[in-house]
Number of protein chains: 2
Amino acid sequence: MSRSPSTPPTLEDVARVAGVSRATVSRVVNGTRNVDRKIQEVVRAAIDEVGYAPNRAARSLVTKRAGTIALVVSGAGEPGEEGAFASRVLSDPFFGRVASGVLGFLRTRGVHPVLMVSDTERAREDVLAFLRQGSADGALLVSTHAEDPLPARLVDAGLPAALFARPARPMPISYVDLDHQAGAKLAADRLVGRGCRQVATISGPLDVPASQDRLTGFRDAVARHGSPYVPIAEGGFTAGSGEAAMERLLAEHPGVDGVFAANDLMAQGALAVLHKHGRRVPEDVALIGFDDSGPALTCRPRLTTVRQPVEDMAAEMARLLLDHVDDPASPPRSVIFEPALVVRESA
Amino acid sequence: MSRSPSTPPTLEDVARVAGVSRATVSRVVNGTRNVDRKIQEVVRAAIDEVGYAPNRAARSLVTKRAGTIALVVSGAGEPGEEGAFASRVLSDPFFGRVASGVLGFLRTRGVHPVLMVSDTERAREDVLAFLRQGSADGALLVSTHAEDPLPARLVDAGLPAALFARPARPMPISYVDLDHQAGAKLAADRLVGRGCRQVATISGPLDVPASQDRLTGFRDAVARHGSPYVPIAEGGFTAGSGEAAMERLLAEHPGVDGVFAANDLMAQGALAVLHKHGRRVPEDVALIGFDDSGPALTCRPRLTTVRQPVEDMAAEMARLLLDHVDDPASPPRSVIFEPALVVRESA
DNA sequence: TTGAAAGCGCTAACAA
DNA sequence: TTGTTAGCGCTTTCAA
């Protein structure tokens, strides 16, 4: 133990105590070979004695690595909603799963994520500046908005980045994604397979590629079963929008007996409306969600849903980014994951 | 516009283009007075021309400020559950609101939060190391666990920190908290006021101070209305634990007609059980939650609940931390917020 | 008001 | 295998 110095111990201090040079201490701290066993021990003892911790800023300055990446939630806040975007997105269990997957992977690599929200032009500039400053070595982007200009800006600036979903416009950037069409097909097959004769879907925002794919996949699969027409109501991935969509569907197609909602939150909203109208689920109307997030389990009946391996996808996204940071010359890569149907009570 | 150099522009580059010294450029970048107007303009033009962004590592090295803080979600993961803790907590809408409040405040101060989870001894060491390295200027702690050793470790190490809730054991550390007893009283008064004659409560984990306070506050208030005995079932702040607790309550006290759940998630679970047993809410059993989080709104009936101003509290916590970072000699402070009853349909 | 110069703590050649 | 030394890019005295 030692008195608490006014200033933290440096390599120099350790070197002095151990009776070696700074370089040698640096070598043992960084695990470089070519250091005598005995000296290693002496140095390690000295490190403990003075309570040394390497200064990150100094290290970053020479290695040109921040050891952090930006985890950006990007989207378009309604003008003037002032932080509501952040609150909404961060409270979405889907984002929690993403963060958790990222954290799990990064933890093994000594890299830390800085949380950022980019819902305004100003915020976007902040993200860019943060990266240009070298405060983070790259960015992980979870977009909630198709027209998000951030990915392109990142590419243009030559900053390492990886996306959680295929960008709306093709661009040279790494991403992970789900085979949404396959997921929608799983739902369609289940609904038709259990005897539904009039299926409909509550889609996500149609300017989002994932929503498009889920819709297309669902339509195609249903068509293959012989029904060319599928009523659709567009939602916004929130429970409230799911309610509104279900109301519309019921009004225009009272005979609907099977519904595929493009995410669990909307399915949850639909469920409430179905209850309100006295339709039993799944007896009168079978309902399938998408994501397998927390709400799918708290619903009654519990939601049959299409599971995205979100944590795995997030971890892979982090891996893609770090690989790119390590080798900036490597070409962008994309990894597509397969969904699975989780059968519970709603269908 | 300029060609993209292999290495980012530095102060030196700007200085050369502007025809001044590094020091002068530094002064205009940092907004120091005592720089001739004309020179300022020249320098600014040069900055734009070369696309300069100050290197954070270099700046941190001399200012001894990282410009980032750690946002730590701390708790005890079940041994071997491997990341499940992170997933659970980060998916909790409550944490989303905290993050959002923190982000909102930090955004105005140019500080960024690094997301960390500390659910193991190893992870706790990482947090401490991160701070000692100077990677972050302080820590914001959201604990889910009463026996969390991290706050004390932070205090011992003399590292700046602020907590989201009063620590289980008194210690010299800043925190924000809610007047939980007042919140519970709001719930009790509402329940008794609407005519409930046999009220019960689903508490949070009783080793958590907030749970204790909510329980005590509820009991006291109910006692003041003339009923000295309040059945209680302990839960774990999850929907599943709320279900189990409600089952127990119903089994032991079938006549219960008013329930106060210590958070919305448990209330949601209780609601499902109540439905299952054919009890109408609020006609047969009135139900009140706590937090006013997303699920309170997606429930049917919508939950009457005690609202915590979580975002405001989180912002204040961030303020307390930054104040302490700016003036390490200042004593710890605590700020207590007042809850409000949000009346909806369940009670 | 401006410039020169001394570090901040570390890594990585290069020498020994 | 170890030590010497030259920076990394920035802020900040101190002189001018």
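Proteins get letters first, then strands, A, B, ... in listed order; numbering begins at 1 in each.
- The existence of a salt bridge linking A:Arg44 and A:Glu49 is excluded, since no basic side-chain nitrogen approaches an acidic carboxylate oxygen closer than 4.0 Å.
- When the P atom of D:dT11 is taken as reference, atom CZ of B:Arg59 falls 5 Å away, rounded to whole Å.
- A:Lys38 has no side-chain polar atom (N or O) that falls below the 4.0 Å cut-off from OP1 or OP2 of D:dT1.
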As a quick check of understanding, evaluate side chain to side chain contact (heavy atoms under 4.5 Å, CB included) for B:Leu322 and B:Arg109, giving each step before the final call. CA-CA 9 Å; B:Leu322 294 195; B:Arg109 317 270 295 233; 3.9 Å; yes
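- Although no hydrogens or angles enter the test, the distance criterion places no donor-acceptor pair under 3.5 Å between the side chain of B:Thr68 and the main chain of B:Pro113.
- Across all strands, A:Asn34 comes closer than 4.0 Å to base atoms (heavy-atom distances).
- Here the side chain of B:Arg65 pairs a donor or acceptor atom with the backbone of B:Val325 at under 3.5 angstrom.
- Within residues 321-329 of chain A, no residue has any heavy atom under 4.0 Å from DNA chain D.
- Sorted by first then second residue, the ring-ring contact (aromatic ring centres under 6.0 Å, His included) pairs that include residues 44-70 of chain B, not counting sequence neighbours, number zero.
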Give the intermediate values and the outcome of salt bridge (Lys or Arg N to Asp or Glu O under 4.0 Å) for residues A:Glu125 and A:Arg132. CA-CA 10 Å; A:Glu125 292 295 349; A:Arg132 274 197 313 250; 5.0 Å; no
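- None of B:Asp137, B:Leu321, B:Leu106 except one satisfies the side chain to side chain contact (heavy atoms under 4.5 Å, CB included) rule with B:Val111; the exception is B:Leu106.
- Computed from C1' positions of five pairs at each end, the angle between the two local axes of the helix from C:dT1-D:dA16 to C:dA16-D:dT1 equals 40°, rounded to 10 degrees.
- Between B:Arg56 atom CZ and D:dT11 atom C1' there is a gap of 15 Å when expressed in whole angstrom units.
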Criterion side chain to side chain contact (heavy atoms under 4.5 Å, CB included) on B:Val43 and B:Val17, from CA distance to verdict: CA-CA 8 Å; B:Val43 169; B:Val17 171; over 6 Å; no
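- Applying the ring-ring contact (aromatic ring centres under 6.0 Å, His included) test to pairs two or more places apart or on separate chains, those with a residue in residues 115-148 of chain A are A:Phe130-B:His112.
- We find that A:Arg124 and A:Glu121 are joined by a salt bridge, their nearest charged nitrogen and carboxylate oxygen being less than 4.0 Å apart.
- Spacing between atom CG of B:Asp13 and atom C1' of D:dC8 amounts to 13 Å, rounded to whole angstrom units.
- The distance between atom CG of B:Leu11 and atom C1' of D:dC10, rounded to the nearest whole Å, is 6 Å.
- Taking a 4.0 Å limit (strictly below) on heavy-atom distances, residues 21-32 of chain B reaches DNA chain C at B:Ser21, B:Arg22, B:Ala23, B:Thr24, B:Arg27.
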Begin from the C-alpha positions of B:Gln133 and B:Ser135 and carry the test side chain to side chain donor-acceptor pair (under 3.5 Å) through to its verdict. CA-CA 5 Å; B:Gln133 286 180 141; B:Ser135 298; 3.1 Å; yes
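- Note: CD (B:Glu12) to C1' (D:dG7) measures 13 Å, nearest angstrom.
- Here the range on DNA chain C touched by chain B, meaning any atom under 4.0 Å from one of its heavy atoms, is C:dT1 to C:dG9.
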Derivation of the side chain to side chain contact (heavy atoms under 4.5 Å, CB included) call for A:Val42 and A:Val20: CA-CA 9 Å; A:Val42 174; A:Val20 297; 5.8 Å; no
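- Taking CG from A:Leu11 and OG from A:Ser21, the interatomic distance works out to 9.5 Å, rounded to the nearest 0.5 Å.
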